[in-house]
Colleague: 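Next up is a structure, given as structure tokens.
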Protein chains: 4
Amino acid sequence: MVSNAMDRPRFNARRQRRIARGRQRIMSAAATLFAQTGFANTTTKEIAHRADMAEGTLYNYFDNKRGILLAVAKEAETPMIAALQDPQALEDRDAMVSMFEKAMDISESQLPFARTRFSEASVDDVILQESFMVRLRKIHQLLEEHIAGRIAAGVFRPIDAALGARMVMSVFGGLIVPALRGAAPLPSPEERHSLAETVVDLLLDGIRLRDS
Amino acid sequence: MVSNAMDRPRFNARRQRRIARGRQRIMSAAATLFAQTGFANTTTKEIAHRADMAEGTLYNYFDNKRGILLAVAKEAETPMIAALQDPQALEDRDAMVSMFEKAMDISESQLPFARTRFSEASVDDVILQESFMVRLRKIHQLLEEHIAGRIAAGVFRPIDAALGARMVMSVFGGLIVPALRGAAPLPSPEERHSLAETVVDLLLDGIRLRDS
Amino acid sequence: MVSNAMDRPRFNARRQRRIARGRQRIMSAAATLFAQTGFANTTTKEIAHRADMAEGTLYNYFDNKRGILLAVAKEAETPMIAALQDPQALEDRDAMVSMFEKAMDISESQLPFARTRFSEASVDDVILQESFMVRLRKIHQLLEEHIAGRIAAGVFRPIDAALGARMVMSVFGGLIVPALRGAAPLPSPEERHSLAETVVDLLLDGIRLRDS
Amino acid sequence: MVSNAMDRPRFNARRQRRIARGRQRIMSAAATLFAQTGFANTTTKEIAHRADMAEGTLYNYFDNKRGILLAVAKEAETPMIAALQDPQALEDRDAMVSMFEKAMDISESQLPFARTRFSEASVDDVILQESFMVRLRKIHQLLEEHIAGRIAAGVFRPIDAALGARMVMSVFGGLIVPALRGAAPLPSPEERHSLAETVVDLLLDGIRLRDS
DNA sequence: AATGAATGAGATTTCATTCAT
DNA sequence: CATGAATGAAATCTCATTCAT
């Protein structure tokens, strides 16, 4: 009310930052809890407590509890896609190893977000479609294109590129899903490298055209 | 009073059948709903309605709602393990194809049970441990032994058998998990066969010792 | 329908006995349970189980659960009143001792009935009025008359007979209530005698006219 | 943020008052209802209605219905023990009269609490043990010591002090229990005085060493 | 914006009673 | 008469959301 024309922009910038910080605190708290016991078993009271604010304050940042879930699910920015968007991703063995390594590199702080998205996708249609499938399809498409290219280049056997992509994704899934399910801890960088190498070797020697 | 000794068994048999029918009706209704929207989002009212009985009747068969969940999770009898217990499972290409085919053969009626177990494992510790991990470990162990045998026989490359088992499971997971997540429909028998064949080919040509 | 005029009476007699036996079994089971955990915390299922019959069978003998309670409360036939109705009850020290002794003589099998009546009187108006107060008032009246007689005979001090009666009842209550509350075990016959003697001595030396 | 150090205490004080008022309102409402119809026959709906709040609000103050009961039972602060702790309690006739008088002085507002504790003790083990018996034993012990002292001083007859204590408690019970049971109204101050006087006279003339 | 007590709709669970067998 | 599964009304309890401060 006292603010004049000059204050606004500054206020707004600050305000934006403050709002962003608030949202972040909430999302981080929520992600951890969602990852542990699931969305439905987490109360807004718990989220507020972990975010160190009052229950009512949550509603200054989100419309409702589900809004927090959707934000958490969307936030989860795994480096998977980045890794796969690299046009060199399947260029040669080392590139593939590097790709798997990077794709498995989910930071401790990102894990709850990824877990939440993965878990709640089986229960929430919006998350399944807008957050989960969209990414999977994107990855699938990139992989398919890469593989088609390698086939055209005479490096891979002339298989169904779509199925090949699915195969690669499966193998990657076998590496990362246990951690997302909470059934296994996150692999250390060393474990990631060694896993990636072995898996790529096994994959390649099947997928690569054999010279005999 | 005189014919008690004879009546009891008959009464019990009838009673057993009636109870089994009741339990089964409830579990079947519950499994479908759990698979669709998750345990926490399914109300006892919905279960009762779908099982065509009064809400209170549920409690003549189960102690509480979670009791239904546990029964559903335990019930899920996928043919996976049976398929894998076949000592011939990895004998040759055809045996492997057949194994994958059988392991993917989840009937429409069993699917909700399997889905429930798969989904709720990430939220319910008892299910995760007693129902989910137990089976996974069993499968893993069987595969590892099979693979170690093939390596000893000079058929497979001398890789880490444990990692090989994980690889096979990953590939199988890539085939079946989408259906369990509700992200894809169950594959038809034909699709199963074709999927199994391609996947085995890709797997084998990596795992098989290359001559020349 | 087949029965003729001669059968009826015999049938009826047998029937009466059978019915009486059934009621008794139920009441005995119920009294025990009511005494342990109270009427409201006892389920018909428990009563039926303890009476070794099916739940539905209860309703062949009683209109409803409360009917069982009322019957139990009414049944409780403590020897208190009988003891007090003896015209000699307060005649001399020995008679008084004997009276207290007899009045405390609640058999193990009667205890649950007495306990139930005592406990539920504080919650159930019908029991309070029709089963509890009626008896208390009767006892009070008898005692008052006895005491008035002793005063007239110059044996007791010229006190308010009503208050004297209340005093005697209080002392008796102090002896028996703990057992009814479940706070103390039933006194053995020896304990009863010794208690009665001491209590009477204490009572008498206050109530008896002192000769100086 | 600046004035936090100062605000907190004030906030807390206000909060304490508000909470205390809430708890008190609930306990008062509950005590009245429990005293009338018993714990098991009182619904949370009734309690909330009488406390003039929504049913759910109860659970902001207590974990569950039983929590309310326990709080009510604990609250009941009868002046009995205070009266008995007076070292002069049995000093002479007037002291005894005064003691009984004070011990009977249960205010109208405290009565439901006392009634609840008395009634529910027969059904709830925690209340019986932690709330009821503890106090009875305390009273008993104090009385016993007083009496032993009077005996040593040659004022009372050389009786068993424990039994004497029980006797005093019985007489007191006879005075107060009817009110606790709901079988009689609370005595007015005048009635209390007159009752105490008569009862003490009767007690004393038995318990007091007779000169003659 | 922040607070957190109050709300009330809705979920789970209990259990006396009925009724078909 | 006996049975016990089915019923459904009612009780307890949870928790996302609101709102006065």
Side-chain angles (χ1 to χ4, degrees), chain A residues 15 18-19 22 39-49 51-68, chain B residues 1 7 11 14-15 18-19 21-23 40-48 51-68, chain C residues 15 18-19 22 39-49 51-68, chain D residues 1 7 11 14-15 18-19 21-23 40-48 51-68:
Chain A
R15 194 171 165 252
R18 207 173 29 194
I19 289 179
F39 172 73
N41 300 313
T42 301
T43 65
T44 49
K45 179 178 235 156
E46 286 167 338
I47 298 173
H49 179 71
D52 197 30
M53 54 177 67
E55 234 176 314
T57 310
L58 298 179
Y59 292 84
N60 289 333
Y61 295 97
F62 294 95
D63 280 352
N64 50 38
K65 191 187 165 195
R66 187 151 180 277
I68 304 178
Chain B
M1 280 223 170
D7 282 354
F11 268 132
R14 217 188 283 168
R15 203 172 151 249
R18 216 174 3 189
I19 287 180
R21 261 186 288 146
R23 280 182 72 91
N41 301 312
T42 302
T43 66
T44 50
K45 181 180 224 154
E46 286 166 339
I47 298 173
D52 195 31
M53 54 177 67
E55 227 174 321
T57 309
L58 297 178
Y59 294 85
N60 288 338
Y61 295 97
F62 295 94
D63 280 352
N64 48 42
K65 192 186 163 194
R66 187 153 179 274
I68 303 178
Chain C
R15 193 170 165 253
R18 208 173 27 194
I19 289 179
F39 172 73
N41 300 313
T42 301
T43 65
T44 50
K45 179 177 236 156
E46 286 167 338
I47 298 172
H49 178 73
D52 197 30
M53 55 176 66
E55 233 177 316
T57 310
L58 298 178
Y59 293 83
N60 289 332
Y61 295 97
F62 294 94
D63 280 352
N64 49 40
K65 192 187 165 195
R66 187 150 181 276
I68 303 178
Chain D
M1 278 227 173
D7 281 354
F11 267 132
R14 218 188 282 169
R15 202 173 152 248
R18 214 171 9 186
I19 287 180
R21 261 186 288 146
R23 279 183 73 90
N41 300 312
T42 302
T43 67
T44 49
K45 180 181 224 155
E46 286 166 339
I47 298 173
D52 195 32
M53 53 176 67
E55 224 175 323
T57 308
L58 297 179
Y59 294 85
N60 288 338
Y61 295 97
F62 295 94
D63 279 353
N64 48 41
K65 191 186 162 195
R66 189 156 177 273
I68 304 178

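Lettering of chains follows the sequences in order, A, B, ..., and the numbering in each one begins at 1. Please read these numbers as outputs of a predicted model, since none were measured by experiment.
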Colleague: Counting only Watson-Crick pairs (N1-N3 plus N6-O4 or O6-N4) and G-U wobbles (N1-O2, O6-N3), all under 3.5 Å, who is the partner of dT14(F)?
Modeller: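 The base-pairing partner of dT14(F), which may sit in any strand shown, is dA9(E).
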Colleague: Using heavy atoms to find the nearest nucleotide of DNA chain F for A40(D) and G56(C) separately, return the residue whose nucleotide is more 5′.
Modeller: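 Looking at DNA chain F, the more 5' nearest nucleotide goes with G56(C).
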Colleague: Quick one: E55(A) CD to dT3(E) P, roughly how many Å, whole number?
Modeller: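 Going from CD in E55(A) over to P in dT3(E) covers 12 Å.
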Colleague: In this structure, how many angstroms lie between the C1' atom of dA5(E) and the CG atom of L58(D), rounded?
Modeller: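 Computing the L58(D):CG to dA5(E):C1' distance gives 13 Å.
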Colleague: Rounded off to whole Å, could you give me the CZ-to-P distance for the F62(C) and dA16(E) pair?
Modeller: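 Between P of dA16(E) and CZ of F62(C): 15 Å.
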Colleague: Heavy atoms only, 4.0 Å cut-off, all strands: where does T44(A) land among base, sugar-phosphate and nothing?
Modeller: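 T44(A): base contact, heavy atoms under 4.0 Å.
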Colleague: Give I19(C) one of three labels, base, sugar-phosphate or nothing, depending on what nucleic acid heavy atoms sit under 4.0 Å from its own.
Modeller: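 Counting heavy atoms under 4.0 Å across all strands, the contact made by I19(C) is with sugar-phosphate only.
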Colleague: Could you check how far CG of N41(A) sits from P of dA11(E), rounded to whole Å?
Modeller: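 Rounding to the nearest Å, CG of N41(A) and P of dA11(E) are 15 Å apart.
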Colleague: May I ask you to verify if any side-chain N or O of N64(C) is less than 4.0 angstrom from the OP1 or OP2 atom of dA16(E)?
Modeller: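 So the side-chain polar atoms of N64(C) never come under 4.0 Å of the phosphate oxygens OP1 or OP2 of dA16(E).
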Colleague: How many Å lie between CZ on F39(C) and C1' on dA16(E), as a whole number?
Modeller: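 In whole Å, dA16(E) C1' and F39(C) CZ are 10 Å from each other.
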Colleague: From dT12(F), dT3(E), dC15(F), pick the nucleotide closest to the side chain of A54(A)?
Modeller: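 Selected nucleotide (nearest to the side chain): dT3(E).
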Colleague: Would you indicate, yes or no, if dA5(F) has its OP1 or OP2 atom less than 4.0 angstrom from a side-chain nitrogen or oxygen of N60(B)?
Modeller: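 For dA5(F), OP1/OP2 do not have a side-chain N/O of N60(B) under 4.0 Å.
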Colleague: What integer distance in Å separates D63(D):CG from dC15(F):P?
Modeller: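 Between P of dC15(F) and CG of D63(D): 13 Å.
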Colleague: OP1 or OP2 of dT3(F) versus the side-chain N and O atoms of T57(C): is any pair under 4.0 Å?
Modeller: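 It does, given that an N or O in the side chain of T57(C) lies less than 4.0 Å from OP1 or OP2 of dT3(F).
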Colleague: Assign Y61(A) to base, sugar-phosphate, or nothing according to its heavy-atom contacts below 4.0 angstrom with the strands shown.
Modeller: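 Since only primed, P, OP1 and OP2 atoms lie under 4.0 Å of Y61(A), the category is sugar-phosphate.
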Colleague: If dA20(F) has a Watson-Crick or G-U wobble mate with both distances under 3.5 Å, name it; if not, just say none.
Modeller: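 Pair assignment: dA20(F) / dT3(E).
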Colleague: Any side-chain N or O of Y59(B) under 4.0 Å from OP1/OP2 of dT14(E)?
Modeller: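 No, Y59(B) has no side-chain N/O under 4.0 Å of OP1/OP2 on dT14(E).
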Colleague: If I take atom CG in residue D52(B) and atom C1' in nucleotide dT7(F), what distance separates them, rounded to the nearest angstrom?
Modeller: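 Result: 13 Å.
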Colleague: K45(B) has an atom NZ; how far is it from atom P of dA9(F), in whole Å?
Modeller: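 Nearest whole value for this atom pair: 11 Å.
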